[in-house]
Amino acid sequence: MIEFETPKPIAQQQYVLQTVAENMMRPVSRYFDEHEHEIPWDYINFMHQAMKASGAGSLAPKDEKKEQDPNKPKRPPIGYQLLAHMLEIISWGDVGMYLVTPGGGLGAAAVQAAGSPEQKKKFLARFAGEKPTFAAMCMTEANAGSDTSAIRTTAVLDEKTNEWVLNGEKIFVTAGDKALTEYEQSGKGFIVVWATIDPEAGRAGMRSFVVEAGTPGVKVTKLEHKLGIRCSDTASIVLQDARVPYDHILGSPTVEKTTKGFKGAMATFDATRPLVAATGIGVARAALEEVKKMLAEQGVEIRYGLPRQKLTNVEREVIDMEVMLRSAWLMVIKAVWMADNRKPNALESSMSKVKAGDVVTKITQKAVELMGPLGYTRDTLLEKWFRDAKITDIYEGTGQINRLVVARHILGYRGRDLR
Amino acid sequence: MYSFEPSEEQKMLIDAVSRYAVNDLRAAAHDAEEESKLPQSVVSKGWEMGVLQASIPEGYGGFGEHSVVTGVLAAEEMAYGDLAGTLAVMTPGLFVLPILLGGTEEQKQQYIPPVIEADWQPYTAALIEPSFDFDPNELKTTAKADGDDYVLTGEKTYVPFAKDAEAMIVYANLDGATQGFIVPKGADGLAVGEERIKLMSLNALPLYSLKLEGVRVPKANRLGGEAGHDMGPILAANRVALAALAVGVAKAAFEYSRDYAKEREAFGVKIAQKQAIAFMLAEMATEIEAIRLLNWEAAWKLDVGKEDAAKDAYLAATGAVDMVMMVTDRAVQILGGHGYIREHPVEMWMRNGRGFATFTGLAIV
Ligand SMILES: Cc1cc2nc3c(=O)[nH]c(=O)nc-3n(C[C@H](O)[C@H](O)[C@H](O)COP(=O)(O)OP(=O)(O)OC[C@H]3O[C@@H](n4cnc5c(N)ncnc54)[C@H](O)[C@@H]3O)c2cc1C
């Protein structure tokens, strides 16, 4: 049966996180925007303790394996749905701060998706440890962004020591600094590095490796200065003869003729794209709510129900923003609902990301425009949200790359038919 | 819980409606539009699908219960076949559903069974008025209490099957609020235009203008009786219906242009292999899905009685207007010059598409 009731456990979490967003994030949102590269340890420590206490451990979705009482009616799984709601609210608080939430982020998600049970145990346990701990995912290189098959970082097996030797340079690594630099306040993190074990093999040769903080030859060489999400560190990382143990390779160590391994990795995106979309939607909701609040203070009432031609321009804009925001959010919910119910959702995932990338940029742009001098000033957060929202349409596959994914699905095409 | 999965019963209904939409409505659509005539057999067959009957409780001659979600699913599917045909099949609903939603028990007993238990018959409703700022909440047609009667005065347009209608609901402004009045065939002062009105599309649907020159109806004919009724739920049910029809039309246009793009070649490849085309298609599919979900949620809220249901229905309809225009326009664009030719249906869907901003009052679920 078609239904849109927010599940109870999610509603409870929403309530708790709303308090966190309002009290721990919003008050310092502007500060960390203006003090790029400062680290919000208060928030980080709080979230670490809170997640530990709740048993959540990290923001990465967990395997739902709890034995269900066969006598009780089966409850459908809601792990991804819960996560989408959580990320949306935290990002409503501050999306830059969300990105420095400890727990492993995309790095942990990659291990979760492609690691063996032993690897998961070995690498993921740390997130429930004493100190907040970070992980990051390194795919992008200077000459390989959207075209991930162009990566040049290599991994060569040294058969004498049974170690992988990694060489290359990664850029734009979210939380790369926190994952590798051992701060007094944080635990030992890791990065997941994509490299090729056979440069001739193209995609079939691509593998990911877990590289622990402190590995000799691994260095953070640069922190970017950005348009928005300034609280989140975006690092360049050089790997120079960096040696990692043999069992740090995620997935099969041999090159098959197929691109199965690569596709498996890409499947991670089916799970993470709607979640990234959810974070953008949090930002856009913040902007839209602020606009409505400011308008209400000016005595402007939105007259829902009027024919279009009788509405003022401001009313039309606000109504359009509401349509965009809610419909994009429902696409996210559908995509994660499919993930929870183990329905293939590559199409819906990318669609939700296409839609969210579009609407969150439009909504935050409009918010600044509509409020005039009150929108453009740094006295309010609207201009910040405009800068923060834009990243939604860039990382985890640009709007164009996700359009390609959607188009291939609806056309029944493969990569070579449409590129 | 969230769920995006229709129930088994809904799936069966959708299946049946979908077959009818393609085999009957779509098959008849081109000629019906060109000749301004839809075979009655097609309409009757659509009526026999029982979509409306299934949304009426047994006590009033139906065999189900009112579900806006089910109505929305069926409307999407039927409009995928043809919009004008769907509106024709659904027209008696314009009379029956407002009575179900806002009528007194007596009105329900009196008016619903004769429509529901019989073959398709022309029963209709008149809401739209001929002015650019037509607003269903601020009608220019007036109702004035006078003794035991209400007196209706004003002009209506876009009234389907008005000429032959056995009875219709006329909406009028009673002391500032929109109220429905049941007007029987041949009422004194009711002047239905001789000629059908002609629109940019919907040629297959006989639409009329009408004048109400002091039409008297007994007070018992006011929808909801003495106390009247709330127009909110009726308008909301109109809006989600229109949004669902827009989704159906858009889906038809999207699929047609997608299939065309996979066949048509230019510069040595299928045009679908060009990003300029593929991205348009990706965006069309995305927008359809977005509005569809928005509308499903609004419909669900109407069914369970959420406070903001009417607002959501308005948002869904508003979004649907832009979505269907965007999608149908692009469908024509994807076919290029061929899209402009009436042999292909996309130009008709584009004409349909532009109408949704104007159609409030032409459909209800
Ligand atoms: C703040 C930030 C954080 C990031 N975090 C991470 C991270 O944690 N880990 C990581 O690995 N990467 C990360 N990235 C990298 C991000 O994923 C890439 O920037 C993104 O994939 C685009 O790659 P690019 O910048 O090289 O752009 P390019 O690939 O050079 O693209 C440039 C333009 O061309 C378009 N384009 C490219 N290919 C096609 C095509 N086939 N068809 C049509 N258009 C096309 C793109 O859409 C874009 O508009 C981050 C980036 C930023 C800015």
Side-chain angles (χ1 to χ4, degrees), chain A residues 1-8 10 75-76 78 81 302-311 316 319-320 322-324 326-331 333-334 336-338 340-341 343 347-348 350-352 354-355 358-359 399-400 402-413 416-419, chain B residues 1-7 10 69 72-73 132-138 232 235 254 258 261-262 269-270 272-275 277-287 289-297 299-301 303-304 306 310-312 314-316 318-323 357 360:
Chain A
M1 249 238 322
I2 291 168
E3 253 188 278
F4 291 86
E5 196 78 73
T6 311
K8 271 230 179 66
I10 293 181
R75 287 239 204 95
I78 56 166
Q81 295 165 61
I302 310 299
R303 294 167 299 165
Y304 301 98
L306 250 62
R308 297 281 274 182
Q309 55 271 48
K310 285 175 90 173
L311 294 169
R316 276 181 88 138
I319 285 167
D320 285 347
E322 289 195 39
V323 168
M324 287 191 257
R326 190 69 196 171
S327 58
W329 174 240
L330 292 174
M331 294 181 85
I333 296 295
K334 182 172 173 185
V336 290
W337 171 81
M338 292 177 80
D340 279 332
N341 289 285
K343 297 173 192 281
L347 169 63
E348 288 77 9
S350 279
M351 250 191 189
S352 74
V354 166
K355 180 70 177 170
D358 268 358
V359 308
Q400 289 67 41
N402 279 299
R403 276 170 176 74
L404 277 176
V405 176
V406 171
R408 285 176 194 145
H409 269 92
I410 60 182
L411 289 162
Y413 279 176
R416 65 163 181 274
D417 300 322
L418 177 66
R419 51 178 80 240
Chain B
M1 286 292 146
Y2 293 111
S3 171
F4 298 86
E5 185 110 352
S7 68
Q10 285 168 336
V69 170
V72 157
L73 295 174
F132 90 93
D133 58 352
F134 159 69
D135 179 348
N137 287 311
E138 271 182 46
L235 268 181
F254 160 68
R258 177 199 60 193
K262 287 182 73 173
V269 294
K270 307 290 184 195
Q273 293 180 272
K274 299 275 186 196
Q275 284 193 356
I277 300 292
F279 283 13
M280 277 205 274
L281 287 166
E283 287 164 10
M284 290 154 78
T286 302
E287 286 309 301
E289 175 78 351
I291 296 304
R292 190 173 193 218
L293 295 180
L294 192 66
N295 196 43
W296 280 12
E297 186 185 37
W300 172 80
K301 283 189 177 180
D303 277 340
V304 298
K306 295 272 175 190
K311 177 190 156 192
D312 278 22
Y314 173 74
L315 292 180
T318 302
V321 166
D322 291 342
M323 178 279 291
T360 311

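By convention in this document, chain letters (A, B, ...) are assigned in the order of the sequence lines, proteins followed by strands, and residues within each chain are numbered from 1. Bear in mind that the values here come from a model prediction, so they are computed numbers and not experimental data.
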Could you look at [X] and say if it's the side chain, the backbone, both or neither that has a heavy atom under 4.5 Å from chain B?
X: A/Gln400; result: both
X: A/Leu347; result: neither
X: A/Tyr304; result: both
X: A/Ile302; result: neither
X: A/Arg419; result: backbone
X: A/Asn341; result: neither
X: A/Lys334; result: both

*State, with a plain yes or no, whether a side-chain heavy atom of A/Pro7 is found less than 4.5 Å away from one of B/Met1.*
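Sidechains of B/Met1 and A/Pro7: in contact.
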
*Minimum side-chain heavy-atom gap A/Leu404-B/Gln275 below 4.5 Å*: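 When only atoms from C-beta onward are counted, B/Gln275 and A/Leu404 do touch, with a gap below 4.5 Å.
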
Looking at [X] and [Y], does any basic side-chain N land under 4.0 Å from a carboxylate oxygen?
X: A/Lys343; Y: B/Glu5; result: yes
X: B/Glu283; Y: A/Lys355; result: no
X: B/Asp322; Y: A/Arg308; result: yes

*asked:* Using ring pair (Phe, Tyr, Trp, His ring centres under 6.0 Å), reason through A/Phe4 and B/Trp296 one step at a time and then give a plain yes or no.
replied: CA-CA 9 Å; A/Phe4 291 86; B/Trp296 280 12; 7.2 Å; no

*Top residue by heavy-atom pair count (under 4.5 Å) with chain A, among B/Glu287, B/Lys301, B/Arg292?*
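Max contact count across the listed options: B/Glu287.
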
_For the backbone of B/Leu294 and the side chain of A/Ser327, can you confirm whether one donor and one acceptor N or O come within less than 3.5 Å of each other?_
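Answer holds: no.
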
*Indicate yes or no for a side-chain donor-acceptor contact from B/Tyr2 to the backbone of A/Ile2 under 3.5 Å, with no hydrogens or angles considered.*
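A pair under 3.5 Å: no.
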
*Does atom CD of B/Glu138 have more than 12 heavy-atom neighbours, drawn from other residues, nucleotides or ligands, at distances under 6.0 Å?*
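Atom CD in B/Glu138 is not crowded, with 12 or fewer foreign heavy atoms closer than 6.0 Å.
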
*Looking only at non-hydrogen atoms, find the nearest pair between B/Ala272 and A/Tyr413 and report the distance.*
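Of all heavy-atom pairs spanning B/Ala272 and A/Tyr413, the closest is CB-OH, 3.4 Å.
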
*What closest approach, in Å, do A/Gly305 and B/Asn137 show between heavy atoms, and which atom pair accounts for it?*
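Closest pair (atom of A/Gly305, atom of B/Asn137, distance): O-ND2, 4.1 Å.
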
*Toward chain A, the part of B/Ala357 with a non-hydrogen atom under 4.5 Å*: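 For B/Ala357, neither part sits under 4.5 Å from chain A.
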
*Who passes salt bridge (Lys or Arg N to Asp or Glu O under 4.0 Å) against A/Arg326, sequence neighbours left out?*
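Per chain and number, A/Arg326 pairs via salt bridge (Lys or Arg N to Asp or Glu O under 4.0 Å) with B/Glu297.
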
